[in-house]
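A short write-up of the structure that comes next.
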Amino acid sequence: MSPPDIVFGFGAHSGIDDIPELLRMAQQADRDGLDLFTLSDHPYIGGRLDAYAALGFILGRTQRIAGFANVTNLPTRPAPMLARTVTSLSALSEGRVVLGLGAGGLWDRITDMGVPRLSPGAAVDAFEEAIVLVKLLSGGGPPVTYQGTHYQVNKIEPAPVAAPPVWTGSVGPKSLAATGRVADGWIPGHAADWLSERYRTSRPIIDQAATSAGREPSEIRTVFNLPGRITERPLPATRDRDGRWIGGSTGQWVEELTGAVLEHGASGFTLFTAGHDAPDRTLLARWAQEIAPAVREAVAE
């Protein structure tokens, strides 16, 4: 992937009580030139907005910014219907959708929704089948018959809309390999960054699986969820004792992110505050107006 192809986004509020602020921040980010906003998908929490209802609402009130669920709770959203949802959103928004996808994490809560529990291995198998099926049910062409272990469809017409990019939240080796075979991007789990042990040991699994499937590893972008604060003055250290990024001045952010792109293959960054909350509007404005343009300029040079 060419270095200039970098995306900058932010993690948005997803509470029902946060709707006015959610819309204001998304519209601000849209005006300021950010590439995407993300929402969590936890349908078993009554105080949270449904991720896909919120995506449709916000995309309808913005012009350029893309949206995605970071990441979609797949066990509660069957793949054939998910394909219809994301291709419809793509058509309505002129392509401003990314499909973030996970195998399912909080299984005790997922089963509270009446969804049968899957073993970790079966959940990953269903996850890979889902990605394949979403892509088969996109982009037009003849009716699709698919007989997988977890998903089966019979003579279903694909939507005449291209599938959105699929970015995963893969963590384990089996899931990482699936990402390499069939996905388009990867979001390292637990806010791991480009200097973390998680990234160093996980990304090679994706690359090897991609190569074995006849794909170029560079086809699968890495987009980092990045909590941190932006300070007026440089911090003595931009990482804590465990080596996790904590933030710094604009100059420190630009230096770190530029290095992440040029030296470690990063192709996107999604800003959260500490604890994975949504940033406030002041932080978001600085992210969009100061850091993102400076990183793009530094990389281009």
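In this chain, numbering begins with 1 at the start of the sequence shown. Predicted model, so just to flag it, every value in this text is computed and none were measured.
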With no hydrogens and no angle check, is any side-chain donor or acceptor of [X] less than 3.5 Å from a backbone partner on [Y]?
X      : Y      : value
Arg221 : Trp186 : no
Arg64  : Gly33  : no
Ser175 : Gly172 : no
Glu129 : Gly148 : no
Thr231 : Pro234 : no
Asp280 : Thr282 : yes
Arg48  : Ser14  : no
Tyr52  : Val86  : no

Ring center gap for Phe272 and Phe10 short of 6.0 angstrom: no
Trp287 and Phe8 aromatic centres sub-6.0 Å: yes
Side chains of [X] and [Y]: closer than 4.5 Å at any heavy-atom pair?
X      : Y      : value
Val153 : Leu133 : yes
Leu55  : Val97  : no
Ile131 : Glu128 : no
Leu92  : Leu59  : no
Phe269 : Val7   : no
Phe68  : Pro165 : no
Gln252 : Leu257 : no
Thr222 : Pro188 : yes

Criterion side-chain contact (heavy atoms from CB on, under 4.5 Å) on Arg233 and Ser249, from CA distance to verdict: CA-CA 5 Å; Arg233 298 178 181 177; Ser249 66; 6.0 Å; no
Would you say that more than 12 heavy atoms from the other residues, nucleotides or ligands in this model lie under 6.0 Å from the [atom1] of [X], or not?
X      : atom1 : result
Arg229 : CZ    : no
Glu197 : CD    : yes
Gln152 : CD    : yes
Asp240 : CG    : yes
Gln147 : CD    : yes
Glu255 : CD    : no

Please name the pair of heavy atoms, one in [X] and one in [Y], separated by the smallest distance, quoted to 0.1 Å.
X      : Y      : value
Pro75  : Ile110 : CB-CG2, 3.8 Å
Ala26  : Ile58  : CB-CG2, 3.5 Å
Leu22  : Ala12  : CD1-CB, 3.5 Å
Val71  : Gly169 : CG1-N, 4.0 Å
Thr179 : Ser170 : OG1-OG, 2.6 Å
Leu74  : Ala126 : CD2-O, 4.1 Å

Does [X] belong to the same Ile/Leu/Val/Met/Phe/Trp/Tyr cluster as [Y], with side-chain heavy atoms less than 4.5 Å apart forming each link?
X      : Y      : value
Leu89  : Val161 : no
Val171 : Leu226 : no
Ile206 : Phe127 : yes
Tyr199 : Ile205 : yes
Leu36  : Ile291 : no

Salt bridge or not between [X] and [Y]? Use side-chain N to carboxylate O under 4.0 Å.
X      : Y      : answer
Arg296 : Asp35  : yes
Arg198 : Asp193 : no
Arg239 : Glu256 : yes
Arg24  : Asp18  : no
Asp125 : Lys174 : yes
Arg286 : Asp32  : no

As an exercise, state the distance from [atom1] of [X] to [atom2] of [Y], rounded to the nearest 0.5 Å.
X      : Y      : atom1 : atom2 : result
Arg117 : Trp107 : CZ    : CH2   : 8.0 Å
Thr168 : Leu176 : OG1   : CG    : 7.0 Å
Asn225 : Asn70  : CG    : CG    : 4.5 Å
Asp50  : Asp41  : CG    : CG    : 6.5 Å
Arg215 : Arg181 : CZ    : CZ    : 10.5 Å
Gln27  : Phe37  : CD    : CZ    : 10.5 Å

Residues Thr38, Thr270; criterion side chain to side chain donor-acceptor pair (under 3.5 Å); working and verdict: CA-CA 8 Å; Thr38 83; Thr270 301; 5.7 Å; no
Worked check of side-chain contact (heavy atoms from CB on, under 4.5 Å) between Asp30 and Leu34: CA-CA 6 Å; Asp30 192 37; Leu34 286 181; over 6 Å; no
Full working for side-chain contact (heavy atoms from CB on, under 4.5 Å) between Trp167 and Ile220: CA-CA 8 Å; Trp167 299 354; Ile220 300 104; over 6 Å; no
Plane angle bin for Trp194 and Trp245 - parallel if under 30°, tilted between 30 and 60°, otherwise perpendicular: tilted
Test log, rule side chain to side chain donor-acceptor pair (under 3.5 Å), inputs Thr250 and Glu290: CA-CA 7 Å; Thr250 296; Glu290 299 175 19; 2.9 Å; yes
From CA spacing to verdict: side chain to side chain donor-acceptor pair (under 3.5 Å), Thr87, Ser138: CA-CA 7 Å; Thr87 52; Ser138 310; 5.3 Å; no
Chi angles and distances behind the side chain to side chain donor-acceptor pair (under 3.5 Å) call for Arg31, Thr62: CA-CA 9 Å; Arg31 290 191 299 269; Thr62 52; over 6 Å; no
Verdict with supporting geometry, Leu271 and Trp253, side-chain contact (heavy atoms from CB on, under 4.5 Å): CA-CA 11 Å; Leu271 178 67; Trp253 276 89; 3.8 Å; yes
